[in-house]
Amino acid sequence: MTTDSKQKMAPVRGMQDLLGEEAARFEHVVDRFRDVARRFGFRPVMVPVVEHTRVFQRTLGETTDVVAKEMYSFEDRGGESLTLRPEFTAGIARAYVSEGWQQFAPLKLVTHGPLFRYERPQKGRYRQFHQIDAEVLGAGEPAADVEIIAFADLLLKELGIGGVTLQLNTLGDAQTRTAWRAALVAHFSAHMEMLSQDSRRRLESNPLRILDSKDAGDQALVADAPGIDGFMSAEAGAFFESVQKGLQASGVGFVRAARLVRGFDYYRHTAFEFVTDRLGAQGTVIGGGRYDGLVEAMGGPPTPAVGWAGGIERLMMLVDSPVTAVIDVAVVPMGAAADAEAAAILAELRSAGLSTEQGWRGNAKKRMERAARSGARVALILGDDEVAAGTVTVKLLDTGAQEQVARGDLRARLAKLLA
RNA sequence: GCGGUCGUAGCUCAAUUGGUUAGAGCGCCGGUUUGUGGUACCGGAGGUUGCGGGUUCGAUCCCCGUCGAUCGCCCCA
């Protein structure tokens, strides 16, 4: 690439490098996710980043944008079509089938990692993005829906994210959804000339989507479109009722969003989104629902399932308290004898569970500067005098107070100071 | 994929309606102090103004293209 020789190296479009506070916030989101997952009894699952292209084609529905134009697909050296995963659910369902995980059902699983979609990047929307993901496989009870939504709700609380609303809806069972969909198509077809260009296309591909069109003209039509409640089967109605009662009992606040639908074909019953108005056009922070037909479509046994995914980049933008890495102790050795002693002290403190740092270069001033900047609470100054006397100078960096501590008493003294 | 705005040092931004050698703060490196930080003072490095082309005596500034960022649409976490 001779034309690139002058050009600075840059990340691929829509992919980003994170360092410092941003990287720390990313980790913070994942840490809280793991902790809350543990409390809800979810177990980790690992699935590949790459799948056979047909895994996503079959499950996402041929007409969705993700499959039609957003997949990172390529041929490997054997000529097989592979795809970088654009979402988690399909891969997990595939694993459930190919690994015979039905023997463990019901399974409560969590995972997180990178996903890829070839889209126009925007704030909170990237070509490589990251999600946290939770799934319950093999449970058709509304209590599973309640539990997994409560999980997301508690996570948002633990992250201190306010101003997020849980929007809840149902798509009913297969009959309900089919009947409702037919009624919507009839309604919108009757007013075809008033529909926006986009919505005319949706009428073919995904009529439910017209319901949350942002076009003002469409919204007028949507206002008197038939609601799902008129088509709900008794079973589907009872299911939704049960989910709502469970959420209320769990203290999870929500609003009914009758226009909320899901893009993917395999959703049934519960659909939900945690939305915010702080991220521009990308309002959804966590979204999910029930997908009872998916595993069967993958060639597995009929398996009810419910899950959600949350965008880590979006969540980190809403975490307002920055989390900074903290070092307990910074060691400042001066001179060759001190270097050896410092290595011994570092090994000891690290084994004892303290986070430690040491100045590698510069005079005492430079090393103290770095020690202060590392965020350390205590500096250990170690020179020829201390080595000879078998002591360490312990300095509290916030007050500046310092004292001589015998080498053998160091750990006990530090434990007291850092408590 | 479509439309709007933007692109100057590592970062945040200046540069009078097109005019000498493109500046500042922060950060970085060094010094005042080769055993003491968060303050102060002094000095230094660092830019083909995203990239390519055009107009002009002359372009950071005007025009076109391209790449990237950003906002909205589509779709979605």
Side-chain angles (χ1 to χ4, degrees), chain A residues 3-16 19-20 29 60 63-70 86-89 112 114-134 152 196-199 201-202 205-206 209 212-215 261-264 273-276 279-288 307-318 330 332-335 338 359 361-387 393-402:
Chain A
T3 53
D4 289 350
S5 56
K6 284 189 204 166
Q7 215 170 336
K8 281 183 187 171
M9 276 296 193
V12 173
R13 181 168 159 85
M15 313 205 171
Q16 47 180 355
L19 180 68
V29 169
L60 295 182
T63 63
T64 60
D65 273 20
V66 172
V67 168
K69 58 179 193 187
E70 294 175 1
E87 57 126 33
F88 276 114
T89 309
H112 67 93
L115 307 169
F116 302 83
R117 287 181 201 171
Y118 193 87
E119 298 184 275
R120 183 84 171 253
Q122 274 180 48
K123 178 180 188 177
R125 154 187 251 179
Y126 307 96
R127 287 186 171 183
Q128 175 178 337
F129 60 107
H130 300 78
Q131 287 184 346
I132 50 177
D133 183 273
S196 68
Q197 205 60 41
D198 279 328
S199 287
R201 182 180 50 74
R202 290 186 183 109
S205 61
N206 197 348
R209 272 282 164 201
D212 55 9
S213 168
K214 283 162 190 162
D215 181 271
V261 293
R262 308 259 67 204
F264 298 145
E273 289 183 3
F274 288 84
V275 299
T276 176
L279 291 179
Q282 282 67 241
T284 302
V285 202
I286 290 177
W308 55 252
I312 295 179
E313 286 84 356
R314 292 182 185 180
L315 289 165
M316 36 182 289
M317 286 190 278
L318 297 173
V332 180
M334 299 299 302
R361 67 168 71 123
N363 56 29
K365 178 190 165 79
K366 289 299 167 198
R367 294 188 193 206
M368 284 302 294
E369 263 176 27
R370 287 204 180 82
R373 226 180 315 147
S374 73
R377 296 163 63 194
V378 171
L380 300 185
I381 299 159
L382 201 57
D384 292 340
D385 297 348
E386 284 86 351
V387 173
T393 298
V394 176
K395 176 163 186 167
L396 288 173
L397 286 167
D398 49 350
T399 65
Q402 60 184 59

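In what follows, chains are A, B, ... by sequence order, proteins preceding strands, each numbered from 1. Keep in mind the model is a prediction, meaning the values are calculated, not measured.
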What interatomic distance, in whole Å, is found between [atom1] of [M] and the corresponding atom of [N]?
| N | M | atom1 | answer |
| --- | --- | --- | --- |
| B:U34 | B:G25 | P | 27 Å |
| B:U70 | B:U60 | P | 27 Å |
| B:G23 | B:A14 | C1' | 7 Å |
| B:U33 | B:G43 | C1' | 16 Å |
| B:C76 | B:G65 | C1' | 32 Å |
| B:U5 | B:A9 | C1' | 24 Å |
| B:C41 | B:A59 | C1' | 40 Å |
| B:A22 | B:C61 | C1' | 12 Å |

Categorize [X] for me: base, sugar-phosphate, or nothing, with a 4.0 angstrom heavy-atom threshold over every strand shown.
| X | result |
| --- | --- |
| A:Arg13 | sugar-phosphate |
| A:Ala371 | nothing |
| A:Glu313 | nothing |
| A:Gly283 | nothing |
| A:Tyr126 | base |

For [X] and [N], give me the distance from atom [atom1] to atom [atom2], rounded to whole Å.
| X | N | atom1 | atom2 | result |
| --- | --- | --- | --- | --- |
| A:Arg209 | B:C73 | CZ | P | 13 Å |
| A:Gln122 | B:C75 | CD | P | 13 Å |
| A:Glu119 | B:C75 | CD | P | 11 Å |
| A:Gln128 | B:A77 | CD | P | 17 Å |
| A:Glu70 | B:C74 | CD | C1' | 9 Å |
| A:Glu87 | B:C75 | CD | P | 17 Å |

Between A:Gly14 and A:Gly124, whichever has its closest RNA chain B nucleotide further toward 5' is A:Gly14

If each of A:His130 and A:Tyr118 is mapped to the nucleotide of RNA chain B with the nearest heavy atom, which maps nearer the 5' terminus, i.e. the 5' end?
-> A:Tyr118

Does A:Glu119 pair with A:Arg127 as a salt bridge, N-O distance under 4.0 Å?
-> no

Would you check if the side chain of A:Arg314 reaches a backbone N or O of A:Thr284 as a donor-acceptor pair within less than 3.5 Å?
-> yes

Please check if the side chain of A:Gln131 supplies one atom and the backbone of A:Glu87 the other of a donor-acceptor pair under 3.5 Å.
-> no

Across all strands, who's sitting opposite [N] as a Watson-Crick or G-U wobble pair, both distances under 3.5 Å?
| N | value |
| --- | --- |
| B:A69 | B:U5 |
| B:C26 | B:G10 |
| B:C41 | B:G31 |
| B:U21 | none |
| B:C62 | B:G54 |

Closest approach of A:Ala309 to A:Asp133 (non-hydrogen atoms, all atoms of both residues) | CB-OD2, 3.7 Å

Do A:Val378 and A:Leu396 come close enough that some side-chain heavy atom pair is under 4.5 Å?
-> yes

Would you mind reporting whether A:Leu318 and A:Thr276 have side-chain heavy atoms less than 4.5 Å apart?
-> yes

Of all the nucleotides listed (B:A77, B:C74, B:C2), which has the minimum atom distance to the side chain of A:Arg120?
-> B:C2

Can A:Gln16 and A:Gln128 be said to form a side chain to side chain contact (heavy atoms under 4.5 Å, CB included), step by step?
-> CA-CA 8 Å; A:Gln16 47 180 355; A:Gln128 175 178 337; over 6 Å; no

Going 5' to 3' along nucleotides 34-39 of chain B, which nucleotides have protein heavy atoms under 4.0 Å from the base (write B), which only from the sugar-phosphate (write S), and which from neither (write -)?
-> -BBBB-

One should read off an interatomic distance between A:Ile132 CD1 and A:His112 NE2, to the nearest 0.5 angstrom, of 9.5 Å

Can you find a side chain N or O atom of A:Arg125 that sits less than 4.0 Å from OP1 or OP2 on B:C71?
-> no

Carefully, step by step, assess A:Glu386 and A:Thr393 under the rule side chain to side chain donor-acceptor pair (under 3.5 Å).
-> CA-CA 7 Å; A:Glu386 284 86 351; A:Thr393 298; 2.5 Å; yes

